[in-house]
2 protein chains.
Amino acid sequence: MREFSRSLPMSLLRAREAVMRQFRPSLRSHGLTEQQWRILRALSSVDEIEVTELAHVAFLLGPSLSRILRDLEARQLIERRTAANDLRRAVVSISAKGLKLIEAVAPTSEAIYAAITKRYGARRLAELQEMLGTLEASLFEMASPEDAELESDE
Amino acid sequence: MREFSRSLPMSLLRAREAVMRQFRPSLRSHGLTEQQWRILRALSSVDEIEVTELAHVAFLLGPSLSRILRDLEARQLIERRTAANDLRRAVVSISAKGLKLIEAVAPTSEAIYAAITKRYGARRLAELQEMLGTLEASLFEMASPEDAELESDE
DNA sequence: GGGAGATAATTAACATGTTAAGTGAATGTC
DNA sequence: GACATTCACTTAACATGTTAATTATCTCCC
């Protein structure tokens with residue numbers, strides 16, 4: 001069997017951790033986790049957005065998003081209202097306080113990203129991202145693998 | 001500011017999730033999480049290993065590893081003893097039952113990996129992994145970013 | 001050889017990942 | 001127009017991620 005430390009999942013995990021390790025201290029100093037930052041970033045680029053779509057954009061599962069929104073709302077970094085035409089749906093937007101926080105974090109964040117780009121190479125970075133996108137698209141078409149071992153159980 | 005959905009951390013996160021989504025159903029059908037599988041895989045390639053080194057190899061933080069080892073030991077998938085020359089250290093090894101479980105999971109796991117490789121292309125996959133390794137190495141040298149915003153606080 | 005500091009592992013506390021179950025509202029069907 | 005179904009979101013339950021604090025042991029230096 002393959003040396004698992006050289007497997008694709010491990011390569012991706014280590015690479016991502018190496019990247020996030022650069023950003024976490026800055027986010028932490030502003031009282032934000034990585035996921036909270038993702039949500040604020042996503043909200044800052046739209047006027048308002050429904051919870052389900054936000055989950056898709058920020059790449060978070062519903063339950064995680066529910067908890068984080070509850071926290072961000074309590075900290076008054078976001079605002080939430082119910083959609084008029086469909087009472088099931090909630091619509092979220094970033095608050096003035098939230099925007100201010102983003103403006104405070106963004107410079108450091110941008111500087112770190114620039115440092116990474118410079119060190120790794122802008123061209124190489126673009127190429128890497130393209131390959132990652134292609135990988136994602138390839139696997140999306142593989143769909144959910146109907147695991148043969150489950151057939152008799154469910 | 002950059003469209004965050006096109007940021008490097010998000011690209012890596014989505015790619016990894018796309019990969020793991022292929023493996024999780026199979027692991028789950030055998031009662032294993034991704035992390036438990038990583039530990040068993042790591043243990044299967046050595047005779048025995050100290051906990052700290054296992055954490056490094058399986059890329060898990062100490063506290064996570066502690067909890068998982070407790071569980072795996074209770075399920076008798078691994079064995080643990082104390083190092084004779086240093087009572088602080090624990091030495092872990094896989095049990096016969098653990099090996100048997102690996103043998104049960106491996107075929108499906110290998111088949112999935114082969115399918116991914118075929119679909120994405122073996123050459124491209126190797127290239128991707130090399131680029132990920134280079135990225136990791138680049139960032140390792142950036143070391144821990146002494147966040148200027150923290151200097152006055154700590 | 002005894003005490004200060006370093007080290008290995010665990011525990012604690014809180015945030016998120018993951019799947020299943022629950023709640024309330026909309027939709028289609030008869 | 002009741003009712004089963006679907007849908008959006010939340011809550012529940014358990015596993016892991018993350019940092020800090022604890023505990024036990026070891027090492028070094030005097």
Side-chain angles (χ1 to χ4, degrees), chain A residues 9 13-14 16-21 23-29 31-40 49-56 58-75 80-92 144 147 150 153-154, chain B residues 9 13-14 16-21 23-29 31-39 49-56 58-75 78 80-92 144 147 150 153-154:
Chain A
L13 179 60
R14 281 197 304 257
R16 186 175 141 79
E17 177 52 31
V19 173
M20 288 315 303
R21 184 160 39 229
F23 289 100
R24 261 192 283 268
S26 165
L27 292 179
R28 184 176 172 72
S29 76
L32 289 175
T33 66
E34 176 193 338
Q35 292 82 358
Q36 292 165 353
W37 175 241
R38 287 220 300 274
I39 292 173
L40 292 182
I49 187 173
E50 288 180 7
V51 170
T52 297
E53 192 184 349
L54 179 56
H56 181 74
F59 209 69
L60 293 169
L61 295 179
S64 293
L65 184 55
S66 264
R67 286 178 302 218
I68 300 174
L69 289 181
R70 187 211 307 146
D71 175 68
L72 293 179
E73 188 176 21
R75 291 159 69 183
R80 174 156 32 178
R81 66 176 181 80
T82 300
N85 55 329
D86 188 340
L87 300 184
R88 293 172 303 181
R89 297 167 192 267
V91 178
V92 183
S144 28
D147 188 8
L150 279 177
D153 297 324
E154 294 180 322
Chain B
L13 179 59
R14 281 198 303 258
R16 186 176 142 77
E17 177 53 31
V19 172
M20 287 316 302
R21 184 162 37 231
F23 289 99
R24 261 191 284 267
S26 164
L27 293 178
R28 184 175 173 73
S29 76
L32 288 175
T33 66
E34 175 193 338
Q35 292 82 357
Q36 292 166 353
W37 175 240
R38 288 220 299 275
I39 291 173
I49 187 174
E50 290 180 7
V51 170
T52 298
E53 193 184 348
L54 179 57
H56 181 75
F59 209 70
L60 293 168
L61 295 178
S64 294
L65 184 55
S66 266
R67 285 178 301 219
I68 300 174
L69 288 181
R70 188 210 309 145
D71 175 67
L72 294 179
E73 189 176 18
R75 291 159 70 183
I78 67 167
R80 176 157 30 180
R81 65 176 182 81
T82 301
N85 56 327
D86 187 340
L87 300 184
R88 294 171 304 180
R89 297 169 191 268
V91 178
V92 183
S144 27
D147 187 9
L150 278 178
D153 297 324
E154 295 183 320

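Each chain gets a letter, A, B and so on, in the order the sequences are listed, and its residues count up from 1.
For the salt bridge (Lys or Arg N to Asp or Glu O under 4.0 Å) test, no residue two or more places apart in sequence or in another chain qualifies with Arg28(A). Legend: residues meeting side-chain contact (heavy atoms from CB on, under 4.5 Å) with Arg14(B), ordered by chain and number and at least two apart, are Phe59(A), Glu136(A), Ser5(B), Met10(B), Ser11(B). With sequence neighbours left out, the side-chain hydrogen bond (donor to acceptor under 3.5 Å, both in side chains) criterion links Ser64(B) to Arg67(B). The salt bridge (Lys or Arg N to Asp or Glu O under 4.0 Å) test applied to Asp86(B) returns Arg88(B), Arg89(B), not counting sequence neighbours. Listed by chain and residue number, Leu32(B), Gln36(B), Asp71(B), Leu72(B), Leu77(B) satisfy the side-chain contact (heavy atoms from CB on, under 4.5 Å) test with Arg75(B) (two or more places apart in sequence, or in another chain). Taking the side-chain hydrogen bond (donor to acceptor under 3.5 Å, both in side chains) definition, one finds that Glu53(A) meets it with nothing, sequence neighbours left out. Residues satisfying the salt bridge (Lys or Arg N to Asp or Glu O under 4.0 Å) test with Arg70(B), not counting sequence neighbours, are none.
At whole-Å resolution of the value, CG in Leu69(A) and P in dT10(D) are 7 Å apart. As a whole-Å value, the separation of Leu54(A) CG from dT10(D) P is 11 Å. When rounded to the nearest whole Å, the span between CD of Glu53(B) and C1' of dA8(C) equals 14 Å.
Comparing Asn85(A) and Glu50(B) against DNA chain C, the residue whose closest nucleotide sits nearer the 5' end is Glu50(B). Nucleotides of DNA chain D nearest to Arg70(A) and Arg28(A) differ in position, and the one nearer the 5' end is that of Arg70(A).
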Tabulated below should be each protein N or O lying under 3.5 Å from an N or O of nucleotides 2-7 of chain D; please produce it.
from	atom 1	to	atom 2	distance (Å)
dC7(D)	O2	Arg88(A)	NH1	3.0

All N/O pairs under 3.5 Å across the protein-nucleotides 14-17 of chain C interface:
from	atom 1	to	atom 2	distance (Å)
dT16(C)	OP1	Thr33(A)	OG1	2.9
dT16(C)	O3'	Gln35(A)	NE2	2.9
dG17(C)	OP2	Ser64(A)	OG	2.8
dG17(C)	N7	Arg67(A)	NH2	2.7
dG17(C)	O6	Arg67(A)	NH1	3.0

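A close approach under 4.0 Å does not occur between any side-chain nitrogen or oxygen of Arg21(A) and OP1 or OP2 of dT19(D).
Counting only heavy atoms from C-beta outward, the side chains of Glu50(A) and His56(A) never approach each other to under 4.5 Å.
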